[in-house]
Amino acid sequence: MSGTAPTHRTPTGPQRTSTGTVLAAIAVDAVLVVVFAALGRGSHSETLDASGIWATAWPFLVGLAAGWVVIRGWRHPLAVLPTGVVVWVATLALGMLLRLATGAGTALAFVIVATLTLGVLLVGWRGAAALVRRLRARAGAPHAR
């Protein structure tokens, strides 16, 4: 990322994405991946200490970072499409490949649960944010009489 915030076009012209928004979106994604790892460990009665959570989360965090870079997520950090979907798929795919390469579990049931959970978390929060933005815009728009 450069020192200036990236811009993108909207129907009303160029709009800047603030650095704060980008950093917040990255943080939300990372926290949600750690939550995913902690929930998974907890559901299997595994320890919830930092090292255990890290052992589960790191492959998915690497996938998350790769997804952000591939899609250049800082351009549209709150977009469901393409940012949210690409970040989700990259997090899942690279996370599973790294788990496979390191001898960690990749049972079919885990892949299915991870696919659904990461999708709900990484795409879902962006969808909720878009809904809030739409509702705020509608509330701020002049009402027709």
Side-chain angles (χ1 to χ4, degrees), residues 1-140:
M1 270 182 285
S2 66
T4 60
T7 60
H8 61 276
R9 279 231 166 264
T10 65
T12 59
Q15 180 179 357
R16 278 200 186 278
T17 301
S18 75
T19 301
T21 299
V22 173
L23 293 176
I26 291 168
V28 168
D29 280 349
V31 166
L32 289 174
V33 168
V34 171
V35 166
F36 158 74
L39 289 172
R41 291 184 66 80
S43 72
H44 293 286
S45 302
E46 295 175 336
T47 60
L48 292 178
D49 62 354
S51 66
I53 293 170
W54 174 253
T56 302
W58 79 262
F60 297 101
L61 290 169
V62 170
L64 177 75
W68 266 85
V69 170
V70 165
I71 196 61
R72 294 186 275 184
W74 52 89
R75 290 182 170 186
H76 307 284
L78 304 180
V80 170
L81 281 170
T83 307
V85 172
V86 170
V87 165
W88 164 41
V89 171
T91 300
L92 177 71
L94 190 53
M96 289 299 172
L97 288 172
L98 287 170
R99 285 180 61 87
L100 189 61
T102 59
T106 55
L108 179 59
F110 176 61
V111 173
I112 292 168
V113 169
T115 300
L116 297 174
T117 304
L118 288 169
V120 166
L121 293 174
L122 297 175
V123 177
W125 81 260
R126 286 177 170 86
L131 179 61
V132 167
R133 284 192 311 276
R134 247 183 258 130
L135 291 174
R136 283 184 180 165
R138 185 176 299 159

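- Side-chain contact check for Trp58 versus Thr102: some heavy-atom pair is nearer than 4.5 Å.
- Closest approach of Ala57 and Val33 over heavy atoms only: O-CG1, 4.2 Å.
- One finds the CE atom of Met96 at 6.5 Å from the CZ atom of Arg99 (value rounded to the nearest 0.5 Å).
- Leu92 contributes atom CG, which lies 12.0 Å from atom CG of Leu64 (distance to the nearest 0.5 angstrom).
- Between Pro77 and the options Thr17, Val28, Ile71, a side-chain contact (heavy atoms from CB on, under 4.5 Å) holds for only Thr17.
- Atom CG in Asp49 sits 6.5 Å away from atom CZ in Arg41 (nearest 0.5 Å).
- Using a 30° and 60° split on the angle between ring planes, Phe60 and Phe36 fall in the perpendicular class, above 60°.
- Side-chain atoms of Thr117 never come within 3.5 Å of backbone atoms of Ala114 as a donor-acceptor pair (strictly under, hydrogens ignored).
- A heavy-atom distance below 4.5 Å is found between the side chains of Trp88 and Thr115.
- Counting heavy-atom neighbours within 6.0 Å of Arg72 CZ, excluding the residue itself, gives a total of 12 or less.
- Within the 3.5 Å criterion, the main-chain N or O of Ala37 finds no donor-acceptor partner in the side chain of Thr56.
- Judged purely by atom type and a 3.5 angstrom limit, Arg126 has no side-chain atom pairing as donor or acceptor with the backbone of Leu78.
- A distance of 11.0 Å separates CG in Leu121 from CG in Leu116, rounded to the nearest 0.5 Å.
- Of the residues listed (Val120, Val80, Leu32), the one engaging Trp125 in a side-chain contact (heavy atoms from CB on, under 4.5 Å) is Leu32, and it is the only one.
- A heavy-atom distance below 4.5 Å is found between the side chains of Leu61 and Trp54.
- Annotation for Val87 and Gly67: closest pair CG2-C, 4.1 Å, computed over non-hydrogen atoms.
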